[in-house]
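Read the structure below first, then the notes.
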Amino acid sequence: MNKDIDYYKEIFNNISQPVFLMEKSYFIDANYKALELFNMNSLDELILLHPSQLSSKYQPDGTLSVDKSNYYIKKCYEEGEYTFEWLFKKLDNKTFLKEVNLKKISLNNKDIIQLTLRNIEEIRTLKDEIVKQKIKLEQKDNFINEINQTILGTSDDNKSLYDSLSLLEEYKRALDESSIVSKADLNGMITYVNDKFCEISGYTKEELIGKNHNIIRHSDTKKDFFTQLWNTINQKKTFKGIIKNRKKNGQAYYVDSTIIPIIDKNNNVVEYIAIRNDISALFEKDELIYEQFTDELTALPNRQKLLNDLKNLVSPKLALINIDRFKDINNSYGIEIGDKILKSFAKRLLVFKSTNLNVYRISGDVFAFLAFGNFKLTELDKTCRNLNILCDRESFLIDEDSFDISVTVGIADYNEKILTHAEIALYWAKKINVDIGIFDENMPIYKNLKSNVELTKDIKQALKDDNILIYGQKIINNKTKDIKYETLMRMKLPNGKILSPFVFLEHAKKARLYPLMTKKIIEKSCEYFKDKDAIFSINLMIEDIKNEKTINFLFSKLIETKVANRVVLEIVESEGIEKFEEVGDFIRKAKALGCRVAIDDFGTGYSNFEYIIKLNVDFLKIDGSLIKNIHINENIRLTVLTIVNFAKVLGIETVAEFVHCQEVQNVVESLGIDFSQGYLFHEPEHLV
């Protein structure tokens, strides 16, 4: 393609409507919107096609598309421009109606046709609005013509003059009711305004009369516009156009204006009448759309615009850009300075904006490059590396303070989950401390994510199929050999495999499914043991105690099944237990029902003796990591002995977990531990 067409293509690729270029009767180029409309992946599918090949065989009037398209192309070459409605057909044979505008242009001394498609519904709505406005203006023109005729036809007869003036007053009233009306002298000074003018502008008549129309001129309306306006009316022609004005309070409004020079019998202009209609609502709609897709702080397109463009642009590639440690800047210098840095950073990103690369602010300190079309992934990677170089080379000067900014980038190629993949690549880049991460399905983080998604599905399915199971493990009284049970959670997969909480528990918490699982175990445990004499325990975590609904369910189920006096509630020791006031309240309420309370996994992690004294518990379950090696490690034996002696002083009974062999059991008994639990005595079994 020659140089001029290359340049022209750079312009029309930014047009939001589908646009084609034709030479004679065949397509030679198209923008991305056009290719997307017809589900084409590249220009190769379009080049040298005839328009009839993208059309229904017959147009709605019964004419063959090939004949009618040749006729319209010929008309365009003859007249320069031609507009009509056309029934198109996609490659999948779906038909749709569009308005077509053919326009002859010259590139490299060749006559080329630019073919633009517009949404027919929008065009029809606009045409309807224009027709309505035209009717109004024609009515007003008729009013003025009748006024002129009436004045010219007025005789010296007083009655005729009275009738003419009465008629003139009716015309004036009709105009005042429907339109914004003003009059001005030859110098543009306002000599008359109607009430509607005052209502729209916010000015009183006294503030307007004698002033130039510049009083309502908006700064966005350029001087050249008014030069053209005055040239038109000074030639005794009527001016018509849309003008952006400014109200007294500074607010903008738009009017469809008709300015008519009033001519006397000597063909001289004596004054000007302006008739306007307020069409601000149409422009406010456009501004609302702009605001919806624009970030308020940086004026960049926002996340919503990115999501929209990801759906509509051809072959998108995405780079998410995160400013490193930006939170530290906000905390040290304040949000105001942080906002100034974000605005300055946004301007720096715009250096990289091009025909095929857009810039966005997604949220907070996260920005994005969206490349599309023939912009390759390697080019996007290179662009991001250039951004890193630029940030390293140039500091940000904000209010005389200098800030060195670095960024981390996550890049993903086109697919249906491009945004998620870019976020994963960004997270991975931060995790392994590199500047740029490019998404790869072999990333460990992605494999974990896929595994987590599958695990979430498994948990939901297990809840649905009632496959959250209770298992029980015996706890042996070392003196009486009496047996009680600890209930344990297990999950059954569709293939029959049984998973322990070690596999799914933390993920269930993140997926917010854990409370439902806890309720299942509470319900099944109480129902299983309600007709038995055995003592049994139910495990609870801090998350359970903090969840009011879970605790209310627990207490209700204990009362309903009448098992409270045979239940030991085991609270798994974790960080924050000694600071959590609700734990003490929970224990008091549980004991009021007749329950006993144990602290599970005591002896490692966050264990301390002070909060045990405060919580008033009945049992300490000594953590299995201490018990399993107690027979071969003297230091561990002394540690456990300290715990046992402490418990005895407070009247608290002790339980040894992970008793896996007789040697361990011998030491446990020698230390005076009250209960033992482990595979030596019993492996957990399904309680059915």
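Positions are given from 1, in the same order as the sequence printed here. Since this is a predicted model, take the numbers as computed values, not measurements. Worth knowing before you read on, the calculation uses all heavy atoms, side chains too, and leaves out hydrogens, waters and symmetry mates.
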Within a radius of less than 6.0 Å around CG of N433, do more than 12 heavy atoms belonging to other residues, nucleotides or ligands occur? no
The side chain to side chain contact (heavy atoms under 4.5 Å, CB included) partners of K347 (sequence neighbours excluded) come to none
When the ring planes of Y72 and F84 are compared, do they come out parallel, tilted or perpendicular, using 30° and 60° as the limits? parallel
R118 versus N101: any side-chain heavy-atom pair under 4.5 Å? yes
Donor-acceptor pair, distance only, cut-off 3.5 Å: does the side chain of T232 make one with the backbone of Q228? yes
Inspect the surroundings of NZ in K327 and state if more than 12 heavy atoms from other residues, nucleotides or ligands are less than 6.0 Å away. no
Counting C-beta onward and ignoring hydrogens, is there a side-chain heavy-atom pair between V407 and N322 closer than 4.5 Å? no
Would you say that E81 contacts L102 through its side chain, given a criterion of any heavy-atom pair below 4.5 Å between the two side chains? no
Shortest non-hydrogen separation from S201 to I216 and the atoms involved: CB-CG2, 4.3 Å
Heavy atoms, side chains only, cut-off 4.5 Å: are E23 and K110 in contact? yes
Taking the ring centre of each residue, are Y414 and F372 less than 6.0 Å apart? no
Check: A371 main-chain N/O paired with N358 side-chain donor or acceptor under 3.5 Å: no
Roughly how far, to the nearest 0.5 Å, is CD1 of I243 from CG of D256? 9.0 Å
CD/E336: more than 12 non-hydrogen atoms of other groups inside 6.0 Å: no
With no hydrogens and no angle check, just 3.5 Å: does a side-chain donor-acceptor pair link N277 and Y254? no
Residue set satisfying ring pair (Phe, Tyr, Trp, His ring centres under 6.0 Å) with Y253, at least two apart, ordered chain then number -> none
With a 6.0 Å cut-off on ring centres, are Y272 and W230 close enough? yes
Tell me whether K343 at atom NZ has more than 12 heavy atoms from other residues, nucleotides or ligands lying less than 6.0 Å away. no
Which pairs count as salt bridge (Lys or Arg N to Asp or Glu O under 4.0 Å) when at least one residue sits in residues 46-59, sequence neighbours excluded? none
Do I459 and H507 come close enough that some side-chain heavy atom pair is under 4.5 Å? yes
If you draw a 6.0 Å radius around NZ in K376, do more than 12 non-hydrogen atoms from other residues or ligands fall strictly inside? no
Go through Q59 and S65 one step at a time and tell me if the side-chain hydrogen bond (donor to acceptor under 3.5 Å, both in side chains) criterion holds. CA-CA 6 Å; Q59 288 303 303; S65 292; 2.9 Å; yes
Hydrogens and angles aside, do Y32 and N312 bring a side-chain donor and acceptor to less than 3.5 Å of each other? no
Hits for side chain to side chain contact (heavy atoms under 4.5 Å, CB included) against T95, two or more places apart or cross-chain, chain-then-number order -> S56, L87, K89
Any heavy-atom pair between the side chains of F38 and F20 that's under 4.5 Å? yes
By side chain to side chain contact (heavy atoms under 4.5 Å, CB included), A425 pairs with (sequence neighbours left out) F439, M443
side-chain hydrogen bond (donor to acceptor under 3.5 Å, both in side chains) against S406, all qualifying residues, sequence neighbours excluded: D324
L300 backbone acceptor or donor facing T298 side chain under 3.5 Å: yes
So does K68 pair up with D61, basic N to acidic O under 4.0 Å? yes
Please evaluate residues N308 and F293 with respect to the criterion side-chain contact (heavy atoms from CB on, under 4.5 Å), reporting the C-alpha separation (whole Å), side-chain torsions for both, the decisive distance (0.1 Å), and the verdict. CA-CA 9 Å; N308 194 60; F293 289 116; 4.2 Å; yes
R303 atom CZ, over 12 foreign heavy atoms within 6.0 Å: no
Side chain to side chain donor-acceptor pair (under 3.5 Å) pairs, two or more places apart, involving residues 382-394: D381-R385
For I47 and D29 the tightest heavy-atom approach is CD1-N, 4.2 Å
State whether the number of non-hydrogen atoms from other residues, nucleotides or ligands found under 6.0 Å of I335 atom CD1 is greater than 12. no
Of all residues at least two apart in sequence or in a different chain, which pass the side-chain hydrogen bond (donor to acceptor under 3.5 Å, both in side chains) check with K103? none
Mind listing the closest non-hydrogen atom pair of N330 and G338 along with its distance? OD1-CA, 3.4 Å
Please report the interatomic distance CD1(I405) to SG(C391), rounded to the nearest 0.5 Å. 7.5 Å
Heavy-atom closest pair (S25 atom, P51 atom, distance to 0.1 Å) is O-CD, 3.2 Å
Which residue is it: I389, V409, I438? I am looking for the one with a side-chain contact (heavy atoms from CB on, under 4.5 Å) to C384. V409
The reported gap from CG in D413 to CG in L318 (rounded to nearest 0.5 angstrom) is 10.5 Å
For the CD1 atom of I275 and the OG atom of S179, what is their distance to the nearest 0.5 Å? 6.5 Å
Reported NZ-to-CD1 distance for the pair K431 and I424, which is rounded to 0.5 angstrom: 13.5 Å
Heavy-atom count check: over 12 atoms from other residues, nucleotides or ligands less than 6.0 Å from E296 CD? no
If we only count heavy atoms from C-beta on, is the V434 to W428 side-chain gap below 4.5 Å? no
Will you find, in the side chains of R276 and S182, an N or O donor that is under 3.5 Å from an N or O acceptor? yes
The criterion is ring pair (Phe, Tyr, Trp, His ring centres under 6.0 Å); which residues satisfy it with Y360, sequence neighbours excluded? none
Tell me which one of F352, F345, F326 satisfies ring pair (Phe, Tyr, Trp, His ring centres under 6.0 Å) with F367. F345
Under the ring pair (Phe, Tyr, Trp, His ring centres under 6.0 Å) rule, collect the residues that match up with F403, sequence neighbours excluded. Y333
Within this structure, what is the NE2-CG distance for the pair H218 and N245, rounded to the nearest 0.5 Å? 9.0 Å
Partners of K98 by side-chain hydrogen bond (donor to acceptor under 3.5 Å, both in side chains), sequence neighbours excluded? none
Any sub-3.5 Å donor-acceptor pair from N356's side-chain atoms to S354's backbone N or O? no
Residue set satisfying ring pair (Phe, Tyr, Trp, His ring centres under 6.0 Å) with F197, at least two apart, ordered chain then number -> none
Say whether H50 and N70, considering side chains only, have a donor N or O and an acceptor N or O under 3.5 Å apart. yes
Is it true that a side-chain atom of K317 and a backbone atom of S315 form a donor plus acceptor pair closer than 3.5 Å? yes
pair R348-L390: side-chain heavy atoms closer than 4.5 Å: yes
Between N31 and P18, is there a donor-acceptor pair closer than 3.5 Å when you use the side chain of the first and the backbone of the second? no
